[in-house]
Amino acid sequence: MAMAAITNPQLSFNLFNCSVTGREASISRQTASRIRYRFSSSRWLSLNSSSATNRSFDSFKSRCSIVNTDVHLNHVAVEDEDISTVDIGCCTTPIVQLKSDVLEAESLSMLTGDTYVDSLLTTLPVLTEEEQKTLAATPAHPEGLYAFYASCLAGNLVEQLWNFAWPSAIALLHPSLLPVAVMGFLTKLVIIIGGPLVGKLMDHSPRVPSYIFLNVVQASAQLLSAAMIIHAHTVSPASTSSILLRPWFAVLVLAGAIERLSGVALGVAMERDWVVLLAGINRPIALAQANAVLNRIDLLCEIAGTSLFGILLSKYDPVTCLKLAASLMVWSLPIMISLTWLTNKLSTGVLDRAKCCQASRRTSDEGPLPDAQNFVNTGLEAIKHGWREYVQQPVLPASLAYVLLYFNVVLTPGSLMTAFLTQRGLNPSVIGGFSGLCAFMGVAATFLSASLVRRIGILKAGAVGLTFQASLLTIAVAVYQSGTLSQRSPLLLFLCLIVLSRLGHMSYDIVGAQILQTGIPSSKANLIGTTEISVASLAESLMLGVVILANDVSHFGFLAMLSVLSVVGAAWMFCRWLLNPTEEQRSLFSFDPQL
C-alpha cells in the first residue's frame, strides 16, 4: 500500500490506502460504506465564483478518512505527468503532479456538512422484512461455527462417556451410595469456590489459548482418575469407610474436582461466549439454531457415550473398559486442539481478544489480575464480585429456577441414579439404554422447544417445560412409593416416567439458555455463567450432603421426594416471575408475545 498525493495550485488532496501500479490507480470495492469527513474549525472554505472555469480555493485543506467505501476508479490515464518520490520515515511515497486542466475538466460539487449528512441518510439501503429474516438466520461466521461444532463433538463424546464410566466403576467396588455421594459433594464444593475465579480469569484471558489449556487440564484429570479407579479394582475389596480413607480415593476426589471445574468452565465458554460470537449476537434466529445444535451434539454424545460404555461393561471387566476409555481420551485431545485452532482461523480471528478489551474490563471493583502474591485475596474478591453480579442480573428468577433443578440429584440420569440401578442388579446395557433414552428425549426437546417458542413465545415455553417435568416426576414418585418396584413392570414404568420428564427438563434448559443469553451482557458472560454454576453446585452439594447422611438404598424414596419438590418449586418460581413482569423484563423481551 502506498499514499498517492495529487497536487494542484488550487487544490490539494491526500488519498490513503490506494494501490498505485504504473500509470493506473485503483481502490478495491468494499460492500459496506462509512465515511467520516472532517473540517478543521480554523479553516474556512473560500469560493471564487467570478470565473466559471477557474475555481480557486484559498486556504482550504481537507482530511478524508475512508473506511470500506464504494469508490471505483477505472484506468485513470495521466499524460505527461511528473512522478517523484519523497521519503517519509521508513517508506517511499510517490507524488504525482497533474496539470490543472485535468481537474478543471469536470465541475466539483461541494456539499456542506448538513447537506452531506442529509444526502447520506437518504441513500442508505433499507432491507425488506424477508431480507431481515434471512440476515437474522444467517450466522456471522458459518465456516467457523461448523468447525466449532466438530470440536464440541469430539470433546463432549469423551466427557459424556466418562460421566457414565466413573460412577459405574465406583459403584461396583461397594454396594453403597456413599463413595459416589462423597466424591460428588466435594467436587461441588470446589466448583462453588473456584467457579467465579475461573470465570474471571477467562474473561481476562485470550479465548483460544485458555480454551486449549482447559482441554489439556481436563484430559489429564480424566486420565489420572481412570488410573486411580483401575488401581482400586486391582487391590482387594474393602469396606466403605476404609475406601474413603485410602490415598487413591483422595487423589481421585482431587482429580475429579479439577476435571469437573475445567468442564464447567469449558461449557460456559462454549454456550455463553463462543457461540454468541460465531453465530452473531444481533442474529437471534442463527443464535437459536446454534444453541439447538449444541444441545443436540451434547445429547447425541450422551447417547453414544453411555450406550458404548454400557455395552463394553456388560461384556468386559471394568479395568478393560476403563483402559479403552483412557485410550479414547488420549486420541481425542489433539483432535480437539486442532479443531479449536481451525475454528478461530475460519472465523477470521473473531475469537482473539484484543488487549484493549482486556484492559477496559479491569475496572476498579473487579480488582487486579491474580499473581503469586495476591492470589488468595484476588480469588476471594472474584467470588464476591461474581456473586454480586449474579444477584444483580435482570433475569435472576429464571436463573434461580434453573438452580432449583439442581436439587434433583436422584430423579435424573446422573451418577446417583446410575449407582442406584447398578446396585439393584440391572444389566449395565439396560442402564446405558436408560441414559441414552433420556438423552434422546433431550434431542427431541430441541425441536419441541423451537416449535413452542414460535407458537407461544420464549417465556411461556419455559413455563410449559417446567410444569411438564414437575407433573411427570410427581407421578414417578407416586409409583415408587407404592412399593412395587421389586416387580419388573412398575420399575420400567418408573424409569419411563423419568425418561419422559427429560423432555420438559431439556425444553426449559434450551429456552432458559437463550433467556440468560438475552439478559446477560457479553462482557460478563463467563463471570456470571460460572457463578451461576457455582450456585447450582451449592444446591446440588446440599442435596448430596443429605444423600451422604441417608446413603442406604432403602432411603431412595425419601431422596426422590425431595427431588420432586425442588422441581415443583422451580416451576412455581418461574411462573410467578412470568405473571409479574418488571419494566426491565418487558424491555429485554419486547419481542415475546407474552409481554
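Within the 4.5 Å cutoff, side-chain heavy atoms of Leu426 are placed close to those of Leu491. Looking at heavy atoms from C-beta onward, His555 lies out of side-chain contact with Leu549 at the 4.5 angstrom threshold. With contacts defined as side-chain heavy-atom distances shorter than 4.5 Å, the pair Met561/Val564 qualifies. No side-chain heavy atom of Leu346 sits less than 4.5 Å from a side-chain heavy atom of His141. When side chains are defined from C-beta on, Met329 does not count as touching Leu333, because their heavy atoms never get closer than 4.5 Å. Two residues are said to be in side-chain contact when any heavy atoms from C-beta on lie closer than 4.5 Å; Ile515 and Phe574 meet this criterion. Between Leu516 and Glu532, the closest side-chain pair of non-hydrogen atoms falls below 4.5 Å. Between Leu565 and Phe407 there is no side-chain heavy-atom pair separated by less than 4.5 Å.
Residues that satisfy the side-chain contact (heavy atoms from CB on, under 4.5 Å) test with Thr412, not counting sequence neighbours, are Asn408, Arg502. Residues passing the side-chain contact (heavy atoms from CB on, under 4.5 Å) test with Ala304 are Leu157, sequence neighbours excluded.
When all heavy atoms of Asn551 and Ile548 are compared, the closest pair comes out as ND2-O, 3.0 Å. Taking all atoms of both residues into account, the shortest heavy-atom contact from Val409 to Val547 is CG2-CG2, 4.4 Å. Residues Leu145 and Ala279 come closest through the heavy atom pair CD1-N, 4.4 Å. Across all non-hydrogen atoms, the minimal contact from Ala461 to Leu452 is CB-CB, 3.8 Å. The minimum heavy-atom distance linking Asp203 with Leu527 is given by the pair OD2-N, 3.1 Å. Nearest heavy atom pair, residue Leu287 against residue Gly280, reads CB-O, 4.3 Å.
Relative ring orientation between Tyr146 and Tyr149 is described as tilted, the plane-to-plane angle lying within the 30° to 60° band. Taking the six-membered ring where the residue is Trp, Phe420 and Phe556 present parallel rings, their angle staying beneath 30° rather than reaching 60°.
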Report all side-chain donor-acceptor pairs from residues 432-447 shorter than 3.5 Å, counting only partners two or more places apart or in another chain.
residue: Ser435; atom: OG; partner: Ile431; partner atom: O; Å: 3.4
residue: Thr446; atom: OG1; partner: Arg296; partner atom: NE; Å: 2.8
residue: Thr446; atom: OG1; partner: Val443; partner atom: O; Å: 2.4

Kindly list each side-chain donor-acceptor pair under 3.5 angstrom involving residues 536-543, sequence neighbours excluded, with atom names and distances?
residue: Ser537; atom: OG; partner: Ile533; partner atom: O; Å: 2.7
residue: Glu540; atom: OE1; partner: Lys188; partner atom: NZ; Å: 3.2
residue: Ser541; atom: OG; partner: Ser537; partner atom: O; Å: 3.2
residue: Ser541; atom: OG; partner: Leu538; partner atom: O; Å: 2.7

Please list every donor-acceptor pair under 3.5 Å in which a side-chain atom of residues 253-262 meets a protein atom from a residue at least two apart or in another chain.
residue: Glu259; atom: OE2; partner: Gln218; partner atom: NE2; Å: 3.3
residue: Glu259; atom: OE2; partner: Gln222; partner atom: NE2; Å: 3.1
residue: Arg260; atom: NH2; partner: Glu159; partner atom: OE2; Å: 2.5
residue: Ser262; atom: OG; partner: Ile258; partner atom: O; Å: 2.9

Give the C-alpha distance, both sets of side-chain angles, the deciding distance and a yes or no for ring-ring contact (aromatic ring centres under 6.0 Å, His included) between Tyr390 and Trp387. CA-CA 5 Å; Tyr390 175 78; Trp387 282 67; 7.1 Å; no

Passes side-chain contact (heavy atoms from CB on, under 4.5 Å), Leu322 versus Trp162? Steps please. CA-CA 9 Å; Leu322 290 172; Trp162 180 245; 3.9 Å; yes

Could you check Leu405 against Gln469 for side-chain contact (heavy atoms from CB on, under 4.5 Å), going step by step and ending with a plain yes or no? CA-CA 10 Å; Leu405 295 179; Gln469 181 188 12; 3.8 Å; yes

Would you please test Leu404 and Val567 for side-chain contact (heavy atoms from CB on, under 4.5 Å) and show each step? CA-CA 7 Å; Leu404 280 175; Val567 178; over 6 Å; no

Verdict with reasoning, Leu339 to Leu153, per side-chain contact (heavy atoms from CB on, under 4.5 Å): CA-CA 10 Å; Leu339 289 173; Leu153 180 65; over 6 Å; no

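The distance from the CZ atom of Phe249 to the CD1 atom of Ile229 is 9.5 Å, given to the nearest 0.5 Å. Interatomic distance, CG of Leu186 versus CD1 of Ile191, reported as 11.5 Å (0.5 Å rounding). Leu324 contributes atom CG, which lies 11.0 Å from atom CG of Leu313 (distance to the nearest 0.5 angstrom). Atoms CG and CH2, from Leu466 and Trp572 in turn, are 13.5 Å apart once rounded to the nearest 0.5 Å. Summarising the geometry, atom CD1 belonging to Ile335 is positioned 12.0 Å from atom CG belonging to Asn215; distances are rounded to the nearest 0.5 Å. Distance check: Leu497 CG to Ser471 OG gives 11.5 Å after rounding to the nearest 0.5 Å.
Side-chain atoms of Asn295 come within 3.5 Å of backbone N or O of Asn291 as a donor-acceptor pair. A donor-acceptor contact shorter than 3.5 Å links the side chain of Ser566 to the backbone of Ser563. Checked by atom type and distance alone, the side chain of His233 pairs as donor or acceptor with a backbone atom of Ala169 at under 3.5 Å. In this structure, Ser151 contributes its side chain and Ala147 its backbone to no donor-acceptor pair below 3.5 Å. Remark: side-chain polar atoms of Ser507 are not paired, donor with acceptor, to backbone N or O of Gly465 under 3.5 angstrom.
Applying the ring-ring contact (aromatic ring centres under 6.0 Å, His included) test to residues at least two apart or on different chains, none of the pairs has a partner in residues 316-338.
Of the candidates Ile311, Thr306, Leu312, Leu308 forms a side chain to side chain contact (heavy atoms under 4.5 Å, CB included) with just one, namely Leu312.
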